Each structure stands twice: as C-alpha cells, then as structure tokens.
J.: 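Sharing a structure, written as structure tokens. Questions coming.
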Amino acid sequence: MRRVPRTVRWGKSSLSGDSSNCVGIAPTAAAVLIRDSKTTSGPQRGLSPTAWAAFLAHVTK
C-alpha cells in the first residue's frame, strides 16, 4: 500500500482516553484509513466510505 500523505489527520475514539490500545482512523475523500494506534508507522488499511458505513452499522447494533 502507498504511504499516506502527512496531511491526513488521524484520530481515535474519545472513549479510549489516554490509552494507545485502540484503532486510529483517518477519513479521506476516497477511503477511511485504519491503523493500530500503538504502531503509527506500521501497516495501514483502507475501506471505501460505503464499506466503513456498513462496518459501523454492524458493530453498533
């Protein structure tokens, strides 16, 4: 996967507090990027906005 431009703004759930045991996300126009917040230089994955919405609908039932 290509490296993400530095202009991407990564965030995490406010419920995770100061913990680094969470998933970071960065919404872009083309995808929602996902990474492990403990390994910020590690692998990143991307989901289409449609796939991200379906994932959120599934996990928030």
Side-chain angles (χ1 to χ4, degrees):
M1 177 177 214
R2 294 182 317 209
R3 298 308 298 169
V4 175
R6 292 191 185 274
T7 57
V8 171
R9 298 186 76 147
W10 289 93
K12 62 181 183 174
S13 171
S14 59
L15 298 176
S16 64
D18 291 334
S19 174
S20 63
N21 295 323
C22 61
V23 174
I25 64 164
T28 69
V32 177
L33 305 175
I34 306 164
R35 70 178 181 187
D36 182 342
S37 63
K38 294 183 305 294
T39 313
T40 58
S41 62
Q44 302 161 356
R45 302 288 180 250
L47 294 175
S48 71
T50 303
W52 179 250
F55 169 75
L56 288 181
H58 180 73
V59 298
T60 58
K61 284 184 181 180

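Atom set for the values below is all heavy atoms of this structure, side chains included, hydrogens, waters and symmetry mates excluded. Since this is a predicted model, take the numbers as computed values, not measurements.
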J.: State yes or no: do Trp10 and Ile34 share one hydrophobic cluster built from I, L, V, M, F, W and Y residues joined by side-chain heavy-atom distances below 4.5 Å, directly or via other members?
T.: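 No, because Trp10 and Ile34 fall into different hydrophobic clusters, even though each may have its own neighbours under 4.5 Å.
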J.: What's the separation between atom OG in Ser37 and atom NZ in Lys12, rounded to the nearest 0.5 Å?
T.: 5.5 Å
J.: To the nearest 0.5 Å, tell me how far Asp36 CG sits from Arg45 CZ.
T.: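 Interatomic distance, Asp36 CG to Arg45 CZ, rounded to 0.5 Å: 11.5 Å.
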J.: So which heavy atom on Pro49 is nearest to which on Ala30, and how close?
T.: CD-O, 3.5 Å
J.: Do Val32 and Phe55 make a side-chain contact, defined as non-hydrogen atoms from C-beta onward lying under 4.5 Å apart?
T.: no
J.: Kindly give the heavy-atom pair with the smallest separation between Val8 and Ala26, and that separation in Å.
T.: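 Closest approach of Val8 to Ala26: CG1-CB, 3.0 Å.
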